[in-house]
Amino acid sequence: MDRYDPHAIEAKWQQIWEAEHAFEVSNERVQPKSYVLEQLPYPSGSLHMGHMLVYTIGDIVTHFRRRNGARVLHPMGFDSFGLPAENAAIREGGHPREITERNIANIKRSMKRIGWAIDWSRELSTHDPSYYRWQQWLFLRFFERGLAYRKAAPVKWCPFDQTVLANEQVTAEGRCERCGTLVESRLMEQWFFRITDYAQALLDDLDTVDWPESIKARQRNWIGRSDGAEVIFRIEELAVDVPVFTTRPDTLFGATFFVLAPEHELVERLAETAENGEEIREYVRRAAVKKTEERAAAEEKTGVFTGFHVVNPVNDERLPVYVADYVLTDYGTGAIMAVPAHDERDFAFAQTFGLDVRVVIRPRDGEAEDVPYVSGSDDDVLVNSGEFDGLPAPEGGRRIVDRLAAEGRGRFAVNYRLRDWGWSRQRYWGAPIPVVYCEADGIVAVPDSELPVVLPDVEDFKPQGKPPLAQAEDWVNVTCPKCGGPAKRETETMDTFVDSAWYFLRYCDPHNEQAPWGREIVDYWNPVDLYIGGVDHATMHMIYARYFVKVLNDLGMLGFREPFAAFYSNGWVTFGKTKMSKRAGNVVGPDDFVAEYGADPVRLNILFIGPADQDMEWTEEGVEGMARFVRRLWRIVNEVASEAPRGEEADGPLARKAHATIAKVTDDIGRRFAFNTAISAVMELTNELSRDTRGADSRFAAETAVSLIQPYAPHLAEELWQRLGHERLWGQPWPVADEAMLERETFELVIQINGKVRDRLQVSADASEEDLIAAATSSERVRSFLDGAEVRQTIVVPRKLVNLVVGANGTN
RNA sequence: GCCGAAGUGGCGGAACUGGCAGACGCGCCGGACUCAAAAUCCGGUGGCCUUCGGGCCGUGUGGGUUCGAUUCCCACCUUCGGCACCA
């Protein structure tokens, strides 16, 4: 028998798959179908172990579902715009496109070497004009409906480099990662999508998808629905109504002051007439410069009194109005009623400024409660609240809102933490935004017929007060599509989250030049049946993609409401510290191990380490052990191929074990996504097979082991399958366990006394309860334990155990 | 603070619906083969005790339900993760 040579075998089968287009699928609408998708990779220098894990999980499911009769779409592409390539170009010279395309070529070579069953005919890259052309087209559909709009929003700004910084370019200390200058906050006009319109739909439809609860919880948290009330306070001096949002209308009688966020639109109006107008303006200026995190971290609350008062609608009390930066401008209405007795932040402010604290909620039975007391449960009652005294807090709150509503001074309201999605970047390496700025007509869409607006080349990718694209003057200066007058192109680009919000739709119809996709095609393949990826994309990417699908559905462009019907979140892969330092300098990735052991052992091992949805540590010992198993399987199956008889009925114990393994592996992959225990099961079968490679059952057991391991180790399995005298395992139906062979003639009866195992007996499978009890009580060992004591109770679990309960005063 | 996940041998983990705790593998120990080593193969491997038959203990801690709990319930401890001046 020849030695196991993974490199030769893997090259051989990869060539055959490619020549036979083994994993390409057409869009012919055949059922059943399955769309198996992993989050597309960012093309950095090379693959890492995390990639190895995600794409192998998807690959196993792809093979499994194919062989179970589904038409499976399993595409691949590259999230190829973005900051790292641009920074590399600035650092090392060259063009981001060259760097990116070199990386793609490199990664693609690694992917093909690993042998994932990908339909490469559908490959796409988001930096390709044939892709972003349709992204621009989609943007225009959003834009014409007002779903994409511009507004001023704070950005992180480096005053030295004169540029906007992405969050990841700001150090933990709040400095520019390049020059170390303290980063400022600046208001700038930016592009947004109106995702907040869909907050409730994004929340509700989580109930319709099969995702891990933890991922759903993160999205719910991110959307952050709060139920409460909007209550109108009035500044009588100015005859202005100022609404506030509160989740605690039950505490309205406890309001003792009122706060506006520094950015609130009313603040400037107050400053105009206030005696201390300049002090107010100065406070606002200082607050604007501070980062949100800095504001939150402040030891003491700061603020300034305006001299104005508002009227509390529940009791017509006059409350002093402050401006303070602990109130956020972009949540609720940017103004709050302050109830220091029942809110920690208001309490802290009241302490600093010596303001009244009025208790209006008490525990029903206690009294000496701490202030602030924030609970508002049914065990609390209202006090100092006029007609509402004595009511449980939640009910009291509802009644207060009812009364305010009747008076037109309040209503029940819902608020979300979710903010509109800001997606424009002052960066070069992204999709151009197809609008122009015209002095006469304002923002004007580029006509569909002029798409794509192709990203022009520039000399320098460093932003210098303006986005790099501003350098491309020939490109920037155009005529307005509306009036024909002079206009300038948008020089900001789209964030990569836009690119990845719809790529799974383009895979379905990647070469369409008339439209982003054909609706029947997209409706056939979608929603994605299994989406696989990391938890780090649980919020942003996966909320944005859901938002896109909902909008596109409302626009009639597709017929579903959710992109990802099921989601599997893979764990993180780490290396031990010793391994890291041993190969200091270069990151250890799958390429290194594939070169040493071959792709199949690496594929197997990444899933054998542990449950794929939990974090795991990759070790050299582990992959060595797996290589040992693979060689063992190789040797045993080769022996079977040459030694075991053909065409004999396989119905002995080894055949039964094989059927049991089929059942186990099918359930593990198909239902439980327990990829590690499926491998264990095949190992067990292999161990049993190794005891007899020449018997009548051996051939069946070997064929079963090879067939079941195929999704994990497709090259090895294919080669062994051929040696067993067959062809094209990847196209073979998945094996089905014979129910009759799963039935056992005998089983091991466990006999317990008072719940402790005392004996095990082989018993006929069709023994009656009475037979089991008789067998149990006649056992010598059992008798010695019973020693004549009275059996008070006998529990019989058919085909499992007998538990004899003897009295506590028994003499056992 | 709110939300989520997890605690099992020396290690990764298994036990799916309440029924034999530790499958499978790593590591380690012993043996075979070898001049020797590696590789390979065979056997052993939770702890304590043992008259070698076996016995007792054991799934983060303390309670509870049950004939029976790693699994269900209550309280707590520890670790990891998300959100967070969100009114």
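A note on names: the letters A, B, ... follow the listed sequences, proteins ahead of strands, and every chain is numbered from 1.
- B/C49 and B/C41 have their P atoms separated by 35 Å, given to the nearest Å.
- The residue A/T794 sits apart from the nucleic acid: no heavy atom pair falls under 4.0 Å.
- Residue A/V327 is classed as a base contact, given a heavy-atom separation below 4.0 Å to a base.
- Evaluation of atom-type donor-acceptor distances gives no pair under 3.5 Å for the side chain of A/R218 against the base of B/C83.
- In this model, a side-chain donor or acceptor of A/Q752 finds a partner on the base of B/G19 within 3.5 Å.
- Of the charged side-chain nitrogens involved, at least one lies within less than 4.0 Å of a carboxylate oxygen, so that A/R225 and A/D227 count as a salt-bridged pair.
- The base of B/C83 does not come close enough to the side chain of A/N221 for any donor and acceptor atom to sit less than 3.5 Å apart.
- Geometrically, A/K301 does not engage A/F349 in a cation-pi contact defined by less than 6.0 Å to the ring centre and at most 45° from the axis.
- Looking at the side chain of A/R631, the nearest of the listed nucleotides B/C56, B/A39, B/C83 is B/A39.
- Counting only residues at least two apart or on different chains, no salt bridge (Lys or Arg N to Asp or Glu O under 4.0 Å) pair has a member in residues 748-758 of chain A.
- The environment of CD in A/E265 is sparse: at most 12 heavy-atom neighbours from other residues, nucleotides or ligands sit within 6.0 Å.
- B/G46 sits 16 Å from B/G12 when the C1' atoms are compared, rounded to a whole Å.
- The ring pair (Phe, Tyr, Trp, His ring centres under 6.0 Å) check on A/Y544 picks up A/W421, A/F497, with sequence neighbours excluded.
- Using a 4.0 Å heavy-atom distance criterion, A/P611 is classed as a sugar-phosphate-only contact.
- Distance from the side chain of A/Y326 is smallest for B/C85 among the nucleotides B/G27, B/C67, B/C85.
- Sorted by first and then second residue, the pairs that involve residues 242-253 of chain A and meet salt bridge (Lys or Arg N to Asp or Glu O under 4.0 Å), not counting sequence neighbours, are A/R248-A/D250.
- Under 3.5 Å, the side chains of A/Y373 and A/D380 contain a donor-acceptor pair of N or O atoms.
- If you check every strand for non-hydrogen atoms under 4.0 Å, A/G332 touches nothing.
- Electrostatic pairing of A/R631 and A/D600 does not count as a salt bridge here, judged by no charged N lying under 4.0 Å from a carboxylate O.
- Taking atom P in both B/A5 and B/G58, one finds a spacing of 29 Å when rounded to whole Å.
- Under 3.5 Å, the side chain of A/K301 and the base of B/C85 form at least one donor-acceptor pair of N or O atoms.
- Taking a 4.0 Å limit (strictly below) on heavy-atom distances, residues 673-683 of chain A reaches RNA chain B at A/N676, A/T677, A/S680, A/M683.
- When each of B/C42, B/C24, B/C85 is scored by its nearest atom to the side-chain atoms of A/R632, the top-ranked nucleotide is B/C42.
- Judged as a side-chain hydrogen bond (donor to acceptor under 3.5 Å, both in side chains), and not counting sequence neighbours, the contacts of A/T56 are A/W116.
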For RNA chain B, the dot-bracket pattern of Watson-Crick and G-U pairs whose distances stay under 3.5 Å, | for other-strand partners: (((((((..(((......[....)))((((((.......))))))((((....))))..(((((..]....))))))))))))....

